Structure formats: C-alpha cells, structure tokens
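Accompanying notes for the structure given below.
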Amino acid sequence: MQKAQGYSNTRTYDLVLTAILIALVFVATVFLNIKLPITANGGLIHLGTAMLFLASILFGSKKGAIAGAVGMAIFDLMAGWVLWAPFTLVTRGLQGYLVGRLAWSKDRQGNSFAVNLLATLLSVPIMLVGYYLCEWILYGNALTPFASIPGNLVQNAVGIAISLPLSAILKKMNIAGR
C-alpha cells in the first residue's frame with residue numbers, strides 16, 4: 001500500500017507542477033507582451049518564451065515541452081490567434097523539449113550555464129522554422145514570413161536573457177527540489 005501511495009503522490013505532484021508551469025507560461029504570454037507594428041500579423045514579443053526556457057531548464061524536457069506548447073496554444077486560442085494554435089502547440093512543444101533534453105543530458109539536471117545557453121540557442125531555429133511554415137501556410141506566400149524573423153529573434157533573445165540568470169538563481173536556491 002505504501003508503494004502505491006508514493007506513486008500516486010508522485011503522479012499528483014507532477015500533474016500539479018505541470019499545470020502550474022502551463023499557467024506561468026500562459027500568464028507571462030498574456031500580461032507581459034508587446035505587439036510589434038510589423039508584418040501582416042503585427043508580430044508579438046512576450047515573456048512566455050522565458051517561462052518556456054525556465055520550465056525546461058528547471059524541470060526537464062517533458063514538463064518544458066508541455067508547459068510551452070499548452071500555455072502558448074491556450075494564449076493563441078484566447079487572444080483570437082486560433083489558426084496559429086496548432087502550429088504553436090507543435091513548435092513550442094519541440095522547442096521546450098529540445099531545451100529540456102539538452103539541459104538535462106548526461107545527468108546535468110539543468111545545472112550547466114553553458115549547456116543551458118547552448119540548448120536555448122539551438123532551439124531558436126525550431127521556433128523560426130515553425131512559425132515561418134505557419135505564416136507561409138496561413139498567408140499563402142513564402143516571402144511574407146521573413147518579416148517576422150526579427151521579432152522572433154528578439155523574443156528568443158529576451159527569453160534567453162531572462163531565463164538563464166533566473167534559472168541559475170533558482171537552482172542555487174533549490175527552488176525546483178522536492
């Protein structure tokens with residue numbers, strides 16, 4: 001009985017933690033964003049990317065992927081960007097997964113600043129390609145999506161600049177521990 005209850009507690013903890021991470025990504029995307037006056041859709045810079053990176057570095061690939069994908073897809077659905085939601089789900093899920101996978105590789109558990117930096121940088125092309133394809137499909141034009149790339153690069157740069165020092169501080173505080 002004791003073993004079964006421990007398993008249940010672990011599953012409950014993981015479920016609650018993942019829900020909280022989804023909520024953090026969503027809130028950071030909704031309340032901390034700047035709409036850019038460029039491209040057909042205007043472009044958007046938000047702090048949801050920083051929360052995606054933070055979740056992936058602190059808790060690994062699965063939680064980072066789910067938090068980024070679901071949190072930002074819910075934002076798309078609620079903010080009227082409904083057609084973007086499936087692309088966001090896939091693109092941000094892959095981005096979060098890659099960051100978490102690399103940050104937690106070789107039993108690092110997100111503790112290497114250099115690996116975390118590399119992981120976040122390597123995830124940027126996933127976002128760029130994912131949203132490029134999204135815009136190409138939605139707008140039917142292969143050239144239009146290029147105008148969104150600068151805003152997407154800024155969004156990732158801001159996310160990296162916030163998440164890396166914050167994750168290092170939270171790791172030192174053992175905030176991600178049980």
Side-chain angles (χ1 to χ4, degrees), residues 3-33 44-79 84-131 152 155-178:
K3 187 173 185 166
Q5 186 164 356
Y7 175 73
S8 177
N9 288 342
T10 300
R11 285 188 57 185
T12 302
Y13 173 85
D14 285 343
L15 181 64
V16 170
L17 177 60
T18 303
I20 290 169
L21 293 172
I22 290 168
L24 285 172
V25 169
F26 173 75
V27 168
T29 305
V30 170
F31 294 110
L32 305 168
N33 68 60
L44 190 67
I45 295 176
H46 56 75
L47 295 185
T49 302
M51 293 302 109
L52 175 152
F53 291 153
L54 196 61
S56 298
I57 291 167
L58 293 177
F59 300 104
S61 58
K62 185 176 177 183
K63 287 180 181 62
I66 293 169
V70 176
M72 287 189 223
I74 292 172
F75 166 79
D76 284 350
L77 293 171
M78 294 186 71
W84 290 73
F87 296 96
T88 293
L89 192 71
V90 172
T91 299
R92 294 312 192 129
L94 290 172
Q95 191 176 23
Y97 180 82
L98 178 67
V99 172
R101 183 80 171 144
L102 293 176
W104 281 65
S105 65
K106 297 188 179 181
D107 208 28
R108 286 188 189 95
Q109 298 181 339
N111 290 317
S112 170
F113 187 88
V115 172
N116 295 345
L117 175 60
L118 179 64
T120 55
L121 291 173
L122 289 175
S123 80
V124 173
I126 291 172
M127 188 235 196
L128 295 177
V129 170
Y131 284 130
N152 289 337
Q155 184 179 130
N156 279 279
V158 169
I160 291 168
I162 291 170
S163 66
L164 290 183
L166 188 55
S167 66
I169 291 167
L170 293 173
K171 284 284 189 180
K172 283 185 181 178
M173 294 172 59
N174 197 25
I175 199 81
R178 285 193 192 187

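The figures here come from the full heavy-atom set of this structure, side chains too, leaving out hydrogens, waters and symmetry mates. Bear in mind that the values here come from a model prediction, so they are computed numbers and not experimental data.
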Got a second to check how far [X]'s [atom1] is from [Y]'s [atom2], nearest 0.5 Å?
X     : Y     : atom1 : atom2 : answer
Asp14 : Leu21 : CG    : CG    : 10.5 Å
Thr29 : Leu24 : OG1   : CG    : 10.0 Å
Trp84 : Phe75 : CH2   : CZ    : 11.5 Å

Query raised in the report: With a 4.5 Å heavy-atom cut-off, do Leu102 and Arg108 have their side chains touching?
Result: no

Only distances under 3.5 Å count here; give the side-chain donor-acceptor pairs of residues 118-130 to other protein atoms, sequence neighbours excluded, each with its distance to 0.1 Å.
unit_1: Thr120; atom_1: OG1; unit_2: Asn116; atom_2: O; d: 3.2
unit_1: Thr120; atom_1: OG1; unit_2: Leu117; atom_2: O; d: 2.8
unit_1: Ser123; atom_1: OG; unit_2: Gln95; atom_2: NE2; d: 3.3
unit_1: Ser123; atom_1: OG; unit_2: Thr120; atom_2: O; d: 2.8

Query raised in the report: With no hydrogens and no angle check, is any side-chain donor or acceptor of Lys63 less than 3.5 Å from a backbone partner on Gly100?
Result: no

Query raised in the report: What closest approach, in Å, do Leu89 and Ala73 show between heavy atoms, and which atom pair accounts for it?
Result: CD1-CB, 3.9 Å

**Report entry** Heavy-atom pair with the smallest gap, counting every atom of Asn156 and Asn152
**Finding:** ND2-O, 2.8 Å

Query - For Thr88, all residues meeting side-chain hydrogen bond (donor to acceptor under 3.5 Å, both in side chains), sequence neighbours excluded - result: Asp76, Tyr131

Could you list the donor-acceptor pairs under 3.5 angstrom formed by side chains in residues 50-59, with sequence neighbours left out?
unit_1: Ser56; atom_1: OG; unit_2: Leu52; atom_2: O; d: 3.0
unit_1: Ser56; atom_1: OG; unit_2: Gly96; atom_2: O; d: 3.0

